[in-house]
Structures are given as structure tokens and as C-alpha cells.
Amino acid sequence: MRRYDYVIVGAGSAGCVLAARLSADPNVKVALLEAGDEDSVNEIRVPAAALQLTKTKYDWDFYSEAEPGLGGRSVPLARGKGIGGTSSINAMVYIRGNPADFDNWERDGASGWSYREMLPYFIKGESNERGEGRFHGRSGPMSVQDARYVHPLSKRFIEAAKQAGHPYNEDFNGATQIGVGHFQLTQRNGERCSAADAYLHPARQRSNLDVITGALVLKVLLNGTRATALSIFRCGQEETLQVEREVILSAGTYGSPQLLMLSGMGPAAQLKSFNIATAVDMPVGEDLQDHVLAPVTYRTSEPSLLRAGTAADLELYTKERKGPLSSNGIGAGAFLSTVPGETIPDIELYMAPLLIDDLYSPPREDGFGIAASLLKISSRGTVTLRSARPDAKPRILTNVLTTPEDQRTMANGVRAAMHIARQNKLAEVRVSDASVPKSEREADIDDYLRNRAMTDRHPAGTCGMGRVVDSELRVLGIDGLRVVDASVIPTIPRGNLNAVVLAIAEKAADMILHNAT
Ligand SMILES: Cc1cc2nc3c(=O)[nH]c(=O)nc-3n(C[C@H](O)[C@H](O)[C@H](O)COP(=O)(O)OP(=O)(O)OC[C@H]3O[C@@H](n4cnc5c(N)ncnc54)[C@H](O)[C@@H]3O)c2cc1C
């Protein structure tokens, strides 16, 4: 039987950070277990190919239950599967959220997680090509760069947003989040920089780190109230790995609660209905939160990113890693508040110089889309078991857009997107509406949202701090077991999640190493 000091479940954003940081001590033996495969295909490297990764073997391809707030539709919920996890298939936008988010975590009991305490971990993890400063680091593993290609339609969006009254913001991760600007990206010289590229690959040659792919973790094995081993399924057979110090679940917002429940930690009534003995009765899987996404799209007279991929583009990318193929498809965006005078945003806008309606069908016409993403969420969803079989997909009910508050803010976000699209700089090239609400009346926007909205694929909160784990991310009532990934987030921050998960994992690594000394 193989024995390790630390076993990390899931080689995603958090798992890669932990594997690199913990195995830096040559005296400990670390295993990183990943259900998916290696991240060796070109589609992962080339930013413009990102959309082609969903619904492939690199995506768990989850679907929600019939959503009451989305007209009973079941919506796709992409999740990365393989080395790098979701950081290998995401859109590479580098956003940290708002300082108030972390201060609220601290206020609500997550001691040690205020913005003041998180900022050093954002800085530690980052190598920002703009250089060092009050908000940024230059010598961390994750490469953060400006886009090497900005599409003319994105430049028009920035001008149109300014015409609509949004201030230009040079750095969404700096002194203020509000305004319109260019996103910085997790890229290195025009290629995707996943958590695996930044953290794991440079550490893989270490003899004290075993990275085991194709390993589906089935459950955590407890001895009394202590996690001591893991049961895994690999190459057609079950195997047990013995763990001396800690098991760390980094299987993501859907995977980590599923594993806890399969291992007897979760709501007792639910576990009982699947004949799983309860070790700890706790609200695992509750409090699922996700941002809500809805685009408005228009046809244009100006060529869009749809044209990318010509022989010249390919040559430019191959030789210099520049041009349209280095684009992540959303170079520009904005943060705004729908509450007049408020300086903390409740809506993020993404500008896509591409006519994509649902993120899953390829574009066929020239156009652009402005998608509104609801940042402040009052609804709560759930992740529950579908079956006691570890290879069954969990039941995911996001419950997005089920509260009047969220519906109202989201409707105002869509109105803000439509308002920008009407400004001269975009009106000059706008030919016709592709997909927009019938009017800006509340009933028409609500109807549009019921039929078109989806989630922004930023799930969080199912093993939240204070409810399932303590402020050091230890599972309540169990020794030797932590959860470190987006699921521990108590309240979803105002922005894309990858940078936040990387910083959470950096901080967790410090906690684990400190505990061990
Ligand atoms: C299409 C898409 C675009 C996105 N774009 C952005 C963006 O532009 N910017 C941004 O900041 N965020 C973005 N996100 C979100 C962000 O990437 C994720 O929130 C973040 O990567 C989550 O990290 P994690 O460590 O919690 O989980 P993950 O990175 O999902 O890692 C979980 C890992 O655990 C593995 N696993 C799960 N269960 C098991 C098991 N039982 N056994 C073994 N292994 C298991 C999975 O295969 C996976 O590798 C996007 C997400 C998606 C889906």
C-alpha cells in the first residue's frame, strides 16, 4: 500500500498550488490525484481555442437540474477535468474581486481572510508584466499579462462605454474596481498559463511528488474521526492510499462536497437515503452560489474575431505568439453598480468581439456580444448526491435568478449593456440586433433572462468557511482533512474566481506548513 504525508485530491487551480508548495519540502511525500488526463493538447495552450475545450474529455460536462429562475431550463455547467482543472479550460481573465468581499468574509467569521490579509497572497502568487507595486507582484509563479491583441470592436466598446459615462480603469485589481478597461490575463507570452503551467509543471521532477492521473477518488476513509486513507479507482481497479498527515480535497465546488458526502460527512437525512453512514451531520453542498450571465448580441459591418485563424494569423501566432489567436475572446470589460452613487460593483460586463449567443455554438456571422454578469448574489443553490456511486454526476441546482433582488439587478445590468451598445462608437458598425430583449421594459427583460441567462461558471460556497470548514479550512469535527478550493468561499466575490482560488490555496499552503512545524 502506498503511503504519503499529504494527498491532494484534484489537480485544478487549488490542487496545483498546493502540490508545488507542499512538495517544496523534500522531507515530505506528496501525492496529487487527478481523475482526468494530462494537459498536453494545443487547444489548452492557444488562447483562441479555449471555447473548443468544453464538451470534450477536458470537461466534466455537468448540467444543472431544471432551474426555476430560468424557465425550467437545465443549463450546462462546464468544469475542467485533467491537469490544471478548470484553469486549463477557462477564459484566462485575471480578476481578484473587490476588497469589500474579503472584509465581509472576515466580518462574517472567516478570521484571517480580510483583504489586508489576502493581498500578500495575491502578490506572492503573481508575476505581473506591468511590474511590482502596492497591488502587484513580479516574482510569483502565475504569469499575468496584458492582452497581446485587442480587437477593433473591443476598442470601440471601451470608447462606447466611456461615451455612456463609465470611467476608464487602468487596473481592475488596483485602487478601484469600477470602470471600463482591458482585462489582464493569465497568459505567458501569448499562451495560456494554467495553474499547472505556473505551479505544477515546474515541480513535477521532484522525487517526493507523485502526480497520478486517471485516478478517480471514491471516498475518504476515516479511522474514528481522523482521515487516514483514500480509496481510489485507477486502471480498472480499486486501490487504497495511506495518508500520514493530511488529506486535502481540491476537487472543486461540485467534486469536494460530493466526496465529503460519499465519505459520510453531510446532511444526515440525505446520507441516510443513500445508505451512507453519517460521520458528521453538516450542511455540505448547501449555499451554492454562482454569478449569472446573459449576453446581448448584435451583427456588425466590421469583421469580428470570427475571421481569426487565417494562414497569416497562424503564421503570426506560430512565429511570435501574437495576433488574433492569442486572444481569449474577451479582451475588454467593465465593472459597474446599478445603484446610483455606489462604488462597489454589482455587475461585470464582458465584451466579446464575436457573435456568440450561448458559449457552446460556434459563431456564424460577424458581430459582437456584451454579456452582463451578476456579481452580488442573494439566491442559494445546492449540490446533492444523485447516487451513492462515486462515478455518478452530482445533482446541481443553482437556483439563480429566483430572488426579486437578483432579477432586478440583473435586468439593470442588461440595460447597461444595451445602453453601451447604442453609443456612437458601436452604433457606427452595428447592423442589426441578433439576440436582445424585445424592449427594455421589465417584463421583456425578465422574459429574455428566463430564456437566455445561464451561469458564469463560477460556482462557490458548497463547503463554506464557518459551515463545513473552519477558518483554517479544516473539516469541522474531523482531523487530518481539509478542503481547499472554490467550495470554501463563504460568499462569492465580485469577479472571476481563478485568482481568488489561487490566493486561497497559497494561504492554505502556508497554514498547512505552519501547522506541520
Ligand atoms: C468555461 C469557463 C471559463 C472560466 N473563465 C474564467 C476566467 O476567465 N477567469 C477566472 O478567474 N475564472 C474563470 N473560470 C472559473 C475558474 O477557472 C474556476 O473557478 C477555478 O479554476 C476553480 O478552481 P478549483 O481549484 O476550485 O477547481 P478546479 O480547477 O475545477 O479543480 C478541480 C479538480 O479536481 C478534479 N476532480 C474532481 N473530482 C475528482 C475526483 N473524485 N477524483 C479525482 N479528481 C477529481 C477535477 O478533474 C479538477 O481537475 C471559468 C470557468 C469555466 C468553466
Side-chain angles (χ1 to χ4, degrees), residues 1-10 14-15 18-19 21-23 25 27-35 110-112 208-210 212 215-234 238-252 255-268 270-272 274-285 385 388 390 462-485 487-488 504-505 507-517:
M1 197 184 301
R2 289 194 260 189
R3 283 175 182 274
Y4 295 92
D5 292 300
Y6 299 104
V7 178
I8 303 156
V9 178
L18 289 165
R21 293 297 186 200
L22 299 184
S23 65
D25 176 355
N27 297 317
V28 298
K29 190 128 182 64
V30 179
L32 176 64
L33 306 176
E34 169 55 46
S111 151
N208 63 331
L209 171 64
D210 282 353
I212 307 173
L216 180 72
V217 176
L218 307 177
K219 70 195 277 201
V220 181
L221 303 175
L222 303 177
N223 184 354
T225 56
R226 182 166 189 89
T228 53
L230 281 167
S231 160
I232 73 169
F233 186 78
R234 187 166 182 266
E238 277 191 41
E239 206 182 312
T240 303
L241 302 187
Q242 212 63 40
V243 188
E244 303 290 339
R245 294 191 189 180
E246 286 196 25
V247 171
I248 304 159
L249 300 185
S250 297
S256 288
Q258 183 183 18
L259 269 174
L260 284 179
M261 290 188 278
L262 290 170
S263 314
M265 290 155 269
Q270 193 197 144
L271 300 188
K272 191 161 174 239
F274 290 106
N275 287 323
I276 298 171
T278 302
V280 188
D281 180 10
M282 49 167 51
V284 171
L385 292 178
T462 50
C463 304
M465 275 187 252
R467 300 185 291 262
V468 173
V469 296
D470 67 12
S471 295
E472 296 218 0
L473 312 185
R474 295 171 294 214
V475 174
L476 297 167
I478 300 289
D479 294 323
L481 180 60
R482 268 182 234 248
V483 182
V484 182
D485 56 26
S487 73
V488 301
I504 288 173
K507 187 162 162 53
D510 261 9
M511 288 168 169
I512 295 166
L513 293 170
H514 176 75
N515 279 3
T517 54

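- Residues Leu476 and Gly466 approach most closely at CD1-O, 4.3 Å, considering heavy atoms.
- In this structure, SG in Cys463 is found 9.0 Å from CE in Met282, a value given to the nearest 0.5 Å.
- Note that the CE atom of Met265 and the NZ atom of Lys219 stand 9.0 Å from one another [nearest 0.5 Å].
- Residues Ser487 and Gly252 approach most closely at CB-O, 4.2 Å, considering heavy atoms.
- Two residues are said to be in side-chain contact when any heavy atoms from C-beta on lie closer than 4.5 Å; Pro390 and Gln258 fail this criterion.
- Taking the side-chain hydrogen bond (donor to acceptor under 3.5 Å, both in side chains) definition, one finds that Ser263 meets it with nothing, sequence neighbours left out.
- For Ala251, the side chain to side chain contact (heavy atoms under 4.5 Å, CB included) partners two or more places apart in sequence, or in a different chain, are Val9, Ser256, Leu259.
- Listed by chain and number, the residues in a side chain to side chain contact (heavy atoms under 4.5 Å, CB included) with Arg467 are Pro283, Asp287, Gln289 (sequence neighbours excluded).
- Every salt bridge (Lys or Arg N to Asp or Glu O under 4.0 Å) that Arg3 has, sequence neighbours left out, goes to Glu244.
- The heavy-atom pair separating Ala388 from Ile276 by the smallest distance is CB-CD1, 4.4 Å.
- For Asp479, there are no side-chain hydrogen bond (donor to acceptor under 3.5 Å, both in side chains) partners, not counting sequence neighbours.
- Within the 4.5 Å cutoff, the side chain of Leu18 has no heavy atoms near those of the Val30 side chain.
- Remark: Glu246 engages Arg482 in a side-chain hydrogen bond (donor to acceptor under 3.5 Å, both in side chains) (not counting sequence neighbours).
- With Asn208 contributing its side chain and Asp25 its backbone, the two residues share a donor-acceptor pair below 3.5 Å.
- Taking all atoms of both residues into account, the shortest heavy-atom contact from Val280 to Gly477 is CG2-O, 4.3 Å.
- The line from CD1 of Ile478 to CZ of Arg226 is 10.5 Å long, rounded to the nearest 0.5 Å.
- Note that CD of Glu34 and CG of Leu216 are 10.0 Å apart. Values are rounded to the nearest 0.5 Å.
- Counting heavy atoms from C-beta on, the side chains of Glu238 and Ser231 come closer than 4.5 Å.
- Between atom CG of residue Leu262 and atom CG of residue Leu271 there is a gap of 9.0 Å, rounded to the nearest 0.5 Å.
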| field | Working for side chain to side chain contact (heavy atoms under 4.5 Å, CB included), residues Leu481 and Leu260 | value | CA-CA 10 Å; Leu481 180 60; Leu260 284 179; 3.9 Å; yes
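- With sequence neighbours left out, Val469 forms a side chain to side chain contact (heavy atoms under 4.5 Å, CB included) with Met465, Leu473, Val475, Val483, Val488.
- Qualifying salt bridge (Lys or Arg N to Asp or Glu O under 4.0 Å) partners for Asp281, counting only residues two or more places apart in sequence or in other chains: none.
- Of all heavy-atom pairs between Ser471 and Ser111, the closest is OG-N, 3.1 Å.
- Residues that satisfy the side chain to side chain contact (heavy atoms under 4.5 Å, CB included) test with Ile212, not counting sequence neighbours, are Arg2, Tyr4, Leu33, Asp210, Ala215, Arg234.
- Ala509 and Leu22 make their closest contact through O-CD2, 4.3 Å (heavy atoms, listed as atom of the first residue, atom of the second, distance).
- Side chain of Ser250 to main chain of Val484: a donor-acceptor pair is present (N/O by atom type, distance under 3.5 Å, no hydrogens or angles).
- Separating the CG atom in Leu221 from the CD atom in Gln242 is a distance of 8.0 Å, to the nearest 0.5 Å.
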